[in-house]
A.B. asks: 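Attaching a single structure in structure tokens format; questions to follow.
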Amino acid sequence: MGVFNRMRDIISSNINAMLDRAEDPQKLIRLMIVEMEDTLAEVKAACAGAMAQRAKMQREMDALSQRVTAWSDKAQLAVDKGREDLAREALVARREFRTRENELEHELVAQQALVEQYHADIAQLEQKLAAVREKQRILVERHKLARHSKKARGNAARADSAEVLMRFEQFENRVERLEAEAELAGMSRRPDLEQEFDRLAGDEEIEAELRALKGIKQETTPNPEQA
């Protein structure tokens, strides 16, 4: 691909769209920068060549103008000296130089336009290159930030998980300990409770036996009023 085609492709390219489609934006940016720098160097070299050619053409133009002026002076001198034949030849020579001067003037205008176009292209390339370098700088910063953020969140997640598990385990141990203490407390009170019920049952039997004895005594004891 020629430098002009590459230059036009770079200038007309949509950097953001290319980066959005790229699987590895950083790699693409590095390649774009290298391509742009190479193209810019080639365009600047071409522009320098065009400027040198313009300067050469300008020097030739100046020389032709001097020749035209010189032959005009000679034609005038010949006329003044009454040498019409020489004046005619001088005018013919001046016409040849003037024709070449006119042709070169058109070429110089075209060369000047070419140099101006090179300057405009260089300015656009430099602008594009600056934009890509800025994109690269921002992308690198975003990549660093994302990497640090991911690492920080990973550490935080691990810390949170470990802490939660530790707290859960501590809470579970406390519950198990309280359950064990309650069970021990219940076991220590149970004999007292059973004894209390046994005592109540024993009391009822005693009362029943007492009531029975009282009833027997009343039946066997003579009534004084009846005696």
Side-chain angles (χ1 to χ4, degrees), residues 1-81 83-141:
M1 182 184 293
V3 62
F4 294 103
N5 291 334
R6 283 190 284 126
M7 178 181 63
R8 295 304 171 198
D9 290 344
I10 292 172
I11 291 175
S12 62
S13 63
N14 187 328
I15 296 173
N16 292 328
M18 294 173 67
L19 292 177
D20 290 340
R21 294 194 301 269
E23 295 182 358
D24 188 348
Q26 290 194 58
K27 182 179 180 180
L28 177 60
I29 284 180
R30 287 195 295 271
L31 294 175
M32 290 173 68
I33 289 176
V34 172
E35 177 74 10
M36 287 181 174
E37 289 175 341
D38 292 344
T39 303
L40 184 60
E42 292 182 36
V43 174
K44 284 184 175 179
C47 181
M51 293 173 67
Q53 181 63 23
R54 182 189 61 181
K56 180 181 178 182
M57 293 168 69
Q58 185 61 57
R59 289 195 298 273
E60 188 177 354
M61 272 284 296
D62 294 340
L64 288 171
S65 296
Q66 292 176 1
R67 300 294 294 270
V68 168
T69 301
W71 282 110
S72 295
D73 293 341
K74 290 178 180 178
Q76 184 62 52
L77 179 61
V79 170
D80 293 342
K81 298 297 184 180
R83 294 293 303 271
E84 186 175 338
D85 55 333
L86 289 177
R88 185 175 291 106
E89 292 180 6
L91 291 175
V92 170
R94 188 188 67 174
R95 185 176 60 189
E96 292 176 355
F97 285 111
R98 180 168 288 175
T99 300
R100 175 58 186 147
E101 183 185 30
N102 291 335
E103 292 174 352
L104 191 58
E105 185 176 6
H106 290 296
E107 294 175 8
L108 188 58
V109 170
Q111 190 69 18
Q112 177 62 27
L114 180 61
V115 170
E116 292 176 356
Q117 185 61 54
Y118 272 130
H119 285 161
D121 291 342
I122 288 171
Q124 287 183 306
L125 273 175
E126 288 178 338
Q127 186 177 2
K128 281 276 185 178
L129 184 57
V132 172
R133 283 174 173 160
E134 180 64 15
K135 288 281 184 183
Q136 182 187 36
R137 186 189 66 79
I138 294 174
L139 202 59
V140 169
E141 293 299 325

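Atoms considered below: every heavy atom in the structure, side chains included; atoms not considered: hydrogens, waters and symmetry mates.
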A.B. asks: Quick check for you: to the nearest 0.5 Å, what is the distance between Ile33 atom CD1 and Leu40 atom CG?
C.D. replies: 12.5 Å
A.B. asks: Using a 4.5 Å cut-off on heavy atoms from C-beta on, say whether the side chain of Gln111 contacts that of Leu114.
C.D. replies: yes
A.B. asks: Could you pull out all residues at least two apart from Gln136 that satisfy side chain to side chain donor-acceptor pair (under 3.5 Å)?
C.D. replies: none
A.B. asks: Run the side-chain donor-acceptor check on residues 84-95: report pairs under 3.5 Å with partners two or more places apart or on a different chain.
C.D. replies:
unit_1, atom_1, unit_2, atom_2, d
Glu84, OE2, Arg88, NH2, 3.1
Asp85, OD1, Arg83, NE, 3.2
Asp85, OD2, Arg83, NH2, 3.3
Arg94, NH1, Ser72, OG, 3.0

A.B. asks: Apply the side chain to side chain contact (heavy atoms under 4.5 Å, CB included) test between Met57 and each candidate in Met61, Arg54, Gln53; give the one that qualifies.
C.D. replies: Gln53
A.B. asks: I need the Glu101 CD to Gln66 CD distance, nearest 0.5 Å.
C.D. replies: 10.5 Å
A.B. asks: Quick one, Met36 and Arg133 - any side-chain contact, counting heavy atoms below 4.5 Å?
C.D. replies: no
A.B. asks: Can you name the side chain to side chain donor-acceptor pair (under 3.5 Å) partners of Glu107, sequence neighbours left out?
C.D. replies: none
A.B. asks: Side chain to side chain donor-acceptor pair (under 3.5 Å) with Gln76: which residues, sequence neighbours excluded?
C.D. replies: Asp80
A.B. asks: Output the distance between atom CZ (Arg98) and atom OG1 (Thr69), rounded to the nearest 0.5 Å.
C.D. replies: 8.5 Å
A.B. asks: Supply the atom-to-atom distance Leu64 CG to Glu105 CD, rounded to the nearest 0.5 angstrom.
C.D. replies: 11.0 Å
A.B. asks: Taking salt bridge (charged side-chain N to carboxylate O under 4.0 Å, His left out) as the cut-off, I'd like each qualifying pair that reaches into residues 55-67, sequence neighbours left out, listed once.
C.D. replies: Glu60-Arg100
A.B. asks: Should we say atom CD of Gln58 is surrounded by more than 12 heavy atoms from elsewhere, each under 6.0 Å from it?
C.D. replies: yes
A.B. asks: To the nearest 0.5 Å, tell me how far Thr39 OG1 sits from Leu129 CG.
C.D. replies: 10.0 Å
A.B. asks: Pair Val34, Arg30 - check side chain to side chain contact (heavy atoms under 4.5 Å, CB included), show working.
C.D. replies: CA-CA 6 Å; Val34 172; Arg30 287 195 295 271; 5.7 Å; no
A.B. asks: Just verifying a value: how many Å separate Ile122 CD1 and His119 NE2, rounded to the nearest 0.5 Å?
C.D. replies: 6.0 Å
A.B. asks: With sequence neighbours excluded, what pairs up with Glu116 under the side chain to side chain donor-acceptor pair (under 3.5 Å) test?
C.D. replies: Gln112
